[in-house]
Every structure is written in structure tokens, then in C-alpha cells.
Amino acid sequence: MTDQEKNLPKRFDAEPAEARWYQEWLKRDLFRPETDSQKPPYSIVIPPPNVTGALHLGHALNGSLQDVLSRHKRMQGYNVLWLPGTDHAGIATQVVVERKLAEDGKTRHDLGREAFLEEVWKWKKIHGNTIIDQQKRLGASCDWSRERFTMDEGLSKAVRTVFTHLHQEGLIYRANYLVNWCPRCMTVLSDLEAPRQSVGGNLYKIRYDYEDREGGIEVETTRPETLLGDTAVAVHPEDERYGSLIGQRVKLPLTQRSIEIVADEFVDPAFGTGAVKVTPGHDPNDFECGRRLGLEEINLLHKDGTFNENAGEKYAGMDMKTARKTVLADLEALGLLLSTTPHQHEVPHCDRCHTVVEPLLSNQWFLKMEPLAKPAIEIVRNGKVKFHPKNWENTYFHWMENIRDWPISRQLWWGHRIPAWECGACGEWTSDVDTPTACRACGGTDLTQDDDVLDTWFSSALWPFSTMGWPDETEDLKTFYPTSVLSTGFDIIFFWVARMIFMSLHFMKEVPFQDVYIHPLIRDAKGKKMSKTAGNGIDPLEVMAEHGTDALRYTLVSLAAQGRDIKLGTHHFDGARAFVTKIWNAARFSLMNLEDFNPASEPGKKSLYDRWIRTRLDVAMGKAHEALDAYRFNDAASAIYHFMWREFCDWYIELSKETLQGEDQEARAATQHTLVETLSGALQVLHPIMPYVTEEIYQALPHLPRADGRSDLMLMEQNYPSPAPTLTQTEDEEMNFFTDLVTKVRQVRGELGLPPKSKIRIRLPKAAGELTAGHEPGIRALTNAEALDLSAEGSAPPAASVTRAGPYQVWVELEDPSYFAEEANRLEKSLKKLEKDIAMFDKKLSNPKFLERAKPEVVAKDQKKLQGLREEAETTGKRLSQLQDLSGAAES
RNA sequence: AGACGCGUAGCUCAGUGGGAGAGCACCACACUGACACUGUGGGGGUCGGCGGUUCAAUCCCGCCCGCGUCUACCA
């Protein structure tokens with residue numbers, strides 16, 4: 001085998017490596033946990049993405065983080081399950097398929113329920129794997145054999161079971177209630193699905209005439225058309241302007257219907273006229289007020305948002321816009337419209353189709369929240385479920401403590417059909433997991449199933465246990481439930497986290513996960529939210545194609561600090577790609593020097609450098625593991641980055657060159673052994689973050705023999721290396737002195753402008769002998785010194801630059817007098833800094849209170865420091881004047 | 001309106017009750033043996049402002065200013 005064949009190509013070609021290794025991992029079934037394992041379990045269920053979705057950066061981030069955790073735990077010896085899947089995204093999917101039908105001029109009603117659902121399933125079969133495939137591309141080590149979909153039979157059974165239980169317990173009830181209604185989707189929405197958007201409108205002042213006399217009360221509204229459904233006018237009970245009017249009646253404009261002036265504390269006397277029209281059928285506040293006071297509720301709208309017969313003959317059939325215009329014109333004509341002022345207000349819009357959402361009275365199924373929320377709050381309070389970062393617990397508590405009952409029915413076809421049947425005889429509802437044959441209340445057999453389906457979130461709330469086979473008692477549940485952590489975005493705390501917690505507590509009597517990791521939100525370089533409409537998004541697939549998956553993953557992981565959003569610009573990927581290349585080149589160097597390496601041979605006596613780099617790996621590994629266990633992903637990334645680049649490449653590889661090219665065969669073999677051992681270890685630590693490049697290199701490297709004799713393992717199957725013996729304190733000091741010396745000499749070179757190639761002569765005092773013994777080749781190599789005098793006596797030679805390493809002076813001889821001025825300059829600068837520091841410490845140490853009250857070790861440390869600084873300043877000063885004499889002499 | 005977060009080098013951000021850090025950018029020097037997606041060195045910051053606690057504050061507390069987010073909304 002020639003060198004070239006044995007070596008790595010010049011560049012890492014990411015794309016083929018990614019495909020090759022992912023296939024290999026799958027082939028070897030490495031993502032699937034062991035069945036009869038003695039290993040401790042570790043499990044994550046993926047927060048299921050919408051089946052309609054495509055991978056965006058948020059998914060890429062969350063996927064990368066979960067994969068880092070999964071691979072990390074696997075390599076720590078856990079039996080790891082990362083369970084993947086998608087949810088059916090009721091509204092979103094139905095909207096997509098309806099849009100497709102609309103292209104042919106058809107609606108779902110043209111097809112009918114059954115045929116329409118067939119269409120949706122067809123669509124799902126074709127497009128449902130998009131995001132799954134993209135996650136594979138990202139390297140996700142999910143157990144695909146356990147992939148789940150919320151509409152799978154097993155999960156559907158879980159949904160029916162839960163519904164039936166909750167219904168029979170009385171926690172699910174049916175009621176006529178004011179709900180958010182999307183007139184386009186023609187379904188109810190939860191508050192979470194109807195976010196408010198700022199809309200410019202008008203505030204109209206309208207007079208409602210008194211019934212029994214001249215004049216009237218003035219009210220202000222943004223929605224004049226709803227006055228057709230008014231059933232009262234309300235004022236604040238303590239509002240002196242209106243006190244006498246309470247209980248009197250006014251004539252509702254346009255209809256002449258008589259309504260009462262009532263008092264309720266929800267009215268803000270300071271807003272507008274302080275009198276408000278009350279429309280219980282079309283405004284949440286008014287609805288609450290109406291229920292408090294027992295007011296009539298009038299529904300003005302058809303399901304499609306047009307006005308119905310309750311609005312009166314003239315307005316029935318009109319859409320909202322027309323009705324508003326007409327009502328305003330009619331009021332105007334009657335002289336009842338007093339003023340119109342522009343007004344900005346927040347209006348709920350459908351999260352999916354962005355139509356304005358109408359509050360509408362409707363018969364819906366609700367889940368009673370209070371009894372479920374209480375234990376869910378408690379479980380977080382007592383720390384059984386922990387949020388990371390902890391701050392998010394406030395958000396959770398706030399929502400849970402103010403939670404309203406959850407409307408769970410949706411007027412859609414795509415979803416879990418509500419397992420409740422209405423009895424034609426007695427009108428009671430019977431719920432069951434399987435189709436019931438008789439009414440539970442009267443035994444009647446004329447049963448009709450509810451047409452509606454359940455909110456998608458109802459099924460995803462069960463995800464942590466439904467995916468593992470519940471309600472059956474499965475091995476998976478026994479082994480992997482509760483899960484270890486849920487990783488998700490903060491915007492999903494209400495949708496998922498909270499609901500998963502209360503459903504788990506209720507049905508499993510157990511938390512769904514111990515930790516909730518809330519990952520940062522990715523924004524664009526300017527800090528704006530990324531969105532399709534703004535067009536400021538970065539497509540992770542493009543990044544993977546351009547820079548490689550490892551670079552994308554490293555970038556995201558290294559930016560995932562706790563408690564802060566990520567501002568991501570494209571330049572961020574450059575650094576990560578450079579890192580990938582750096583690792584690649586370190587591996588190339590190693591392989592180039594391993595042609596004759598026999599992994600089976602004894603390592604021989606290792607040098608201090610060999611043992612040092614191995615301990616540095618242990619330090620980095622320790623930091624990385626500690627960081628990952630605390631979900632401090634960025635710290636893990638930077639620990640290993642620092643080791644790989646700043647320690648392994650900058651120091652160890654440079655030092656190893658001497659040995660590898662030297663004559664001492666035993667030393668050479670020891671260094672080769674160290675290269676393989678340390679690089680392999682580093683690859684393992686890096687692997688969870690950058691799985692592909694590490695595997696590619698690892699498979700090219702020779703492998704040290706394992707106790708079990710196996711040599712065909714993938715990186716993921718390895719356990720992390722156990723720590724090597726630490727250096728003795730003396731060895732530690734020696735290494736510190738060595739690196740300090742090299743750095744200081746390089747500094748002199750740089751500051752004096754000595755060209756890197758110029759040969760220099762270094763002199764060290766004899767007293768430093770113990771620390772320098774054996775380091776001569778290293779010092780020469782890293783400082784490019786020509787000569788080294790390690791036993792200098794007395795003071796500095798006249799023509800030299802003086803620096804300091806550890807406690808010793810170091811002299812770099814200067815033969816060319818032109819450098820004297822530079823050296824003087826350098827010394828002056830250094831003296832100035834020293835004097836500043838001395839003054840600072842002096843002041844501190846001459847403060848009696850400091851001496852008295854500060855910790856003794858702090859005082860001692862500072863005293864020592866000051867003494868050292870003074871000595872240094874003294875020699876520097878002396879040196880400076882010496883040099884000035886010399887430089888004067890040279891000039892004359 | 002409340003709550004939360006943020007304000008540290010030109011930029012993006014770590015960080016800690018005891019002499020201010022990283023990456024990128026910048027400047028200087030160096031290109032044939034791992035790597036220019038590089039190496040070596042350097043410059044650069046009253047740690048948002050004002051007070052307080054402390055021997056000591058960038059860090060703890062209070063107030064203020066600026067930015068961001070969430071929650072609730074006034075019809």
C-alpha cells in the first residue's frame with residue numbers, strides 16, 4: 001500500500017460521506033435500543049413536526065440537539081431510544097388538500113367525507129415523508145422502526161381511550177359557549193390557535209336613545225354591526241355619571257328592541273364614554289358579563305360568517321363588511337352615529353389561514369382544566385419536572401394558573417373523530433373506545449356519532465405514552481417511560497409541554513419526562529424572527545449542501561446558549577466549516593505519519609507531551625460531558641473546539657513532528673500511539689455534534705486493540721475513553737513553563753519584528769535547568785531558535801531582549817543593533833503596564849480594611865503578586881536604562 | 001398594562017464577588033510537506049447610566065434609559 005492510498009484525500013467531501021455513513025448506521029441497526037439490556041435507559045420522544053412541514057432551522061436546531069443528546073448518552077453506555085414521528089396537523093393538512101381540490105374547482109363537500117379522507121391519506125403517503133427524510137439527512141439517530149404518526153391505529157385507540165375516560169369522569173363536557181370561530185375553515189379554534197394581530201380600524205360613537213324620554217346614552221364600539229345582537233348597555237357600577245341610569249331602558253338603534261342599562265365591573269370608566277354595548281353572542285367580555293347577569297345571548301352569524309335571520313331581514317345574508325357599511329349608513333341617516341375616530345386594535349386571526357376569527361356561540365366539547373392543571377402545576381413546583389433554563393417555569397405557571405377550559409372539538413374531517421354518540425331517544429351522549437350498541441343512559445339504539453374531530457393537540461398531548469403502545473402495557477412503556485427529556489421551543493410550552501404533563505399525570509400517574517429543555521429561537525442576523533413571508537429564512541438544506549451537515553450542526557449547537565435567542569447570519573457557518581477542515585487536516589497529518597504504525601504493539605515509554613495531551617483530552621471531555629448533562633450545548637462545543645484546535649493542533653501536533661521525524665524509534669512509536677489514541681478519543685467526543693466527519697476519519701484510522709477484540713465498530717458503539725493518569729504537579733509546572741517560554745519568545749519575535757525565519761539565540765538561567773531539561777528540541781522547534789543556552793550565568797548579555805517565563809528571565813540575543821530601539825519601546829510599554837498594576841495592588845494592600853476583612857488567601861495571593869510585579873518592574877527598569885545606554889552608544 | 005429577557009471589544013456572544021474573555025473582523029509578519037477553510041504576534045472595552053450593599057461590584061440590590069419577547073387586553 002502506498003502512502004497516497006493510505007492517506008485521506010486532500011479535502012473532506014461531505015455529501016458522499018454523509019450518505020455512506022448514515023446508510024451504514026442504519027444497516028447495522030445502531031439507532032435501535034437493545035431489547036434485553038442491562039444498560040440504564042435513556043429516552044426522548046421527538047416533538048412531532050407537522051406532517052405537512054418541511055425542515056426549517058428550528059427543526060434543524062432541535063433535531064441536532066436531540067441527536068447530540070442521544071449519541072452522547074449512547075456512548076456513555078445508556079440504552080437509548082429516540083422515538084420519531086409526525087402529527088397529522090388537522091387544520092393545516094386539510095387546508096392543503098382543500099387547496100389542491102380547489103384547483104379543480106372542487107370542495108371537500110363535493111367529494112363527501114369518505115372520499116375526501118382518502119384524498120388526504122393519499123396526500124400524506126406522498127408528502128408525509130418529506131420532513132422525515134430531511135431529518136435523516138441531518139443525521140438524526142432516531143429509531144425509525146418505532147416511527148409513529150398521530151393517526152396510527154394504536155395512537156387513535158389511545159385517543160379514544162382518553163376521551164372516553166375523561167368524558168365518563170365528567171372532565172369532558174359539551175356546552176354552548178362562545179368560541180373562536182374561523183369562518184373560512186368553518187371550525188372552532190382554541191385561543192392558542194387564534195393569535196391577535198394589530199389591525200387599523202375605527203372607533204364609532206353611537207347614541208342609544210332612552211326609551212321613555214328624549215336623549216340617550218352614548219356608547220363606543222369598533223364593531224357597530226354587532227349592535228344587532230346587543231342585549232344590554234353596561235356601565236361601571238361606581239361611575240357617577242351613569243349611576244342614576246342603571247336599570248333604565250334604551251331603544252336599540254335600527255331594531256327598536258328594548259334593552260336595559262346594566263352595571264358591571266368589567267367596564268373601564270376611563271375608556272371612551274364609559275358606557276359599552278353588550279353583545280354576549282359576539283364578544284368574549286360581553287359573553288362573560290352576560291353570563292354573570294343572565295343576559296340573553298343572540299347569535300347573528302351563520303357558520304360561514306354571514307349574518308343570519310337574527311340580524312333582521314335587512315341584514316340577513318350580508319357578510320361582515322357589507323353589514324358594517326350598511327349599519328353605519330343607516331345609523332348615519334338616523335343621526336345616531338356621532339363620531340368616527342381611527343383606532344388601532346388587536347384582532348384574533350386564524351393561525352392557519354389568517355382569516356379574522358369571529359367569536360361565535362356554539363355547541364362544543366370542552367375539557368375541564370382546573371382539576372388537571374392543579375397537579376401539573378404541583379409537579380413542576382416540586383421539581384419532578386424541571387425546565388432548562390428554569391425561567392420558563394414562570395411562563396408555564398402563569399398559563400396554567402390562568403387556564404380556561406379547552407375547547408377540543410374541531411369542525412374538520414381530518415383528525416380523530418370524536419368517539420361520542422348521541423342518543424336519538426333521550427339526547428344523551430355515550431362515549432366509548434369502540435362503537436357502542438346502546439345508549440348508556442336509556443339503552444336506546446338510535447345512536448349517531450358526532451361529526452366533529454378532536455383538536456390535533458389532543459392527540460399530541462398523549463404522544464409520550466401513546467407512541468410507546470399505551471393503553472397496552474408494553475415493554476417499551478416499562479423500559480422507556482417516563483422519558484428523560486423533552487426538547488422543544490418556548491412557543492410550544494402551552495401547546496405541548498403543559499398538555500403532555502397533565503395528560504401523563506392523569507393517565508400514567510407519572511411525569512412524561514424529567515427535564516424540559518427549551519431551546520433558543522433562531523432569528524435572522526438583524527434579530528428578526530425568520531418567516532416565509534418576510535423571506536429572511538435560511539434553508540438548512542441549502543446550508544447542508546453548501547457547507548456540509550456537520551458544519552450546520554456544529555454551528556447550531558455552538559450557538560445554543562441558555563436563555564438567549566440565536567441571531568444567525570450566514571457567516572456563522574464559515575467558522576464551523578473551517579473547524580471541520582481543521583479536524584480533517586489533523587487526521588491527514590496523523591495518518592501520514594502512521595504508515596509503519598502497529599496498533600497491537602506496546603506503546604512504549606510516553607513522553608511528557610504524549611501524556612500531557614492525553615490529560616488535556618480528559619479535561620475537555622469532562623467539560624463537554626458536564627456541559628451536555630446541564631444542556632449547556634455551547635459550552636460542550638467550545639470545550640472540544642478549544643482542545644482540538646488550540647491544544648491538539650497548535651501544540652501537540654507541532655511537537656510531535658520533532659519526534660516523528662527523529663531517530664528514536666521508541667519515542668516515535670509512543671507518539672504514534674498517542675496520536676491514534678488521542679485523536680480517536682477526540683473524535684468520540686466530537687461525534688455527537690459532528691457525526692459524519694468524525695466517522696469518516698475514525699474508519700480510516702488504525703484502531704487500538706479493544707478488550708473484547710472487536711475492531712469493526714462504528715464510533716457510536718464505542719464508550720468514551722476512561723481518563724488517563726494525571727500529570728504530577730512537577731510535570732504540570734514543567735509543561736506550563738514550557739508553553740509559557742515558547743509563547744514569550746514568540747512574543748518577543750513579534751513585538752520586535754524579528755522575521756519568523758530569522759534564527760535567534762535563547763539563553764535561560766541555569767536555575768531553570770530542571771524545568772527545561774529535555775525540552776530543548778521542543779523549544780527549538782516551536783521558537784525556531786538556532787541556539788539554546790540552558791545554563792546561562794549572571795545577568796543578561798548586553799545585546800538581548802529580556803522576557804520572563806514563569807519565575808525566570810529569558811534572554812533572546814539581538815545581534816542587530818537596529819532592534820535596540822524596538823526593544824526599548826517594548827520594555828517601556830511593559831514597564832508602564834507594570835507600574836499601573838503595582839499602583840492598583842499597592843492601593844488595595846495598603847487599605848487596612850482589606851487586610852482585616854478579606855479572606856487571608858486573597859490577601860496572601862495579592863501580596864505575592866505585588867512582590868512579583870515589583871521585582872519584574874525593577875529588572876525591567878534596569879534593563880531599560882542599560883539598553884538606552886547601549887542604544888546611545890550604537891548611535892554615536 | 002403586567003411579566004420575563006437582554007444591554008460586555010467593530011460584529012456575534014460566553015463569563016465571574018477579588019488583576020476583563022472567545023470566535024469573527026481588523027493590523028503586522030510568514031505561502032512547497034496536515035491545514036491560507038493556515039500559522040505566529042498585535043491593537044482594541046469607564047462590562048448601558050445613576051445610586052446602594054461590601055474591604056472589594058462587570059457580577060448582588062434599587063431606580064433610570066434603550067432594545068426584544070411573551071401574556072392580558074379598552075369595547
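Only this structure's heavy atoms are used, side chains among them; waters, hydrogens and symmetry mates stay out. Letters go in sequence order (proteins before strands), and every chain restarts at 1.
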For atom NZ of A/K829 and atom P of B/rG43, their distance in whole Å: 5 Å
C1'-based separation of B/rG15 from B/rU58 [nearest Å]: 10 Å
Atom pair distance, as rounded to whole Å: CZ in A/R646 and P in B/rC35: 17 Å
Whole angstrom value for the distance that separates C1' of B/rC24 from OH of A/Y641: 9 Å
B/rA34 base / A/E654 side chain donor-acceptor hit below 3.5 Å: yes
Who pairs with B/rG2 - Watson-Crick or G-U, where each distance is under 3.5 Å: B/rC70
Sugar-phosphate, base or nothing in reach of A/H571, heavy atoms under 4.0 Å: nothing
Listed nucleotide nearest any side-chain atom of A/R632, set B/rG18, B/rU71, B/rG15: B/rG15
Below 4.0 Å: OP1/OP2 of B/rG23 and any side-chain N or O of A/H642: no
Opposite nucleotide pairing with B/rG7, Watson-Crick or G-U, both atom distances under 3.5 Å: B/rC65
Pair A/K759-A/N784, side-chain donor/acceptor within less than 3.5 Å: yes
Any A/R749 side-chain N or O less than 4.0 Å from OP1/OP2 of B/rA28: no
Residue of the set A/W651, A/Y652, A/F738 for which ring-ring contact (aromatic ring centres under 6.0 Å, His included) holds with A/Y609: A/F738
Distance below 4.0 Å between A/Q747 side-chain N/O and B/rG42 OP1 or OP2: yes
Sugar-phosphate only, base, or nothing, as touched by A/T395 at under 4.0 Å among non-hydrogen atoms: nothing
Length of the line joining A/N391:CG and B/rG5:P, which is rounded to integer Å: 5 Å
Side-chain N or O of A/K582 closer than 4.0 Å to phosphate OP1/OP2 of B/rG39: yes
Check: A/H388 ring centre within less than 6.0 Å of A/Y517 ring centre: no
Sugar-phosphate only, base, or nothing, as touched by A/N847 at under 4.0 Å among non-hydrogen atoms: sugar-phosphate
A/R292, CZ: over 12 other non-hydrogen atoms inside 6.0 angstrom: yes
Euclidean distance, atom CD of residue A/E401 to atom C1' of B/rA72 [Å, nearest integer]: 15 Å
A/K567 side chain near B/rU12 phosphate (N/O to OP1/OP2, under 4.0 Å): yes
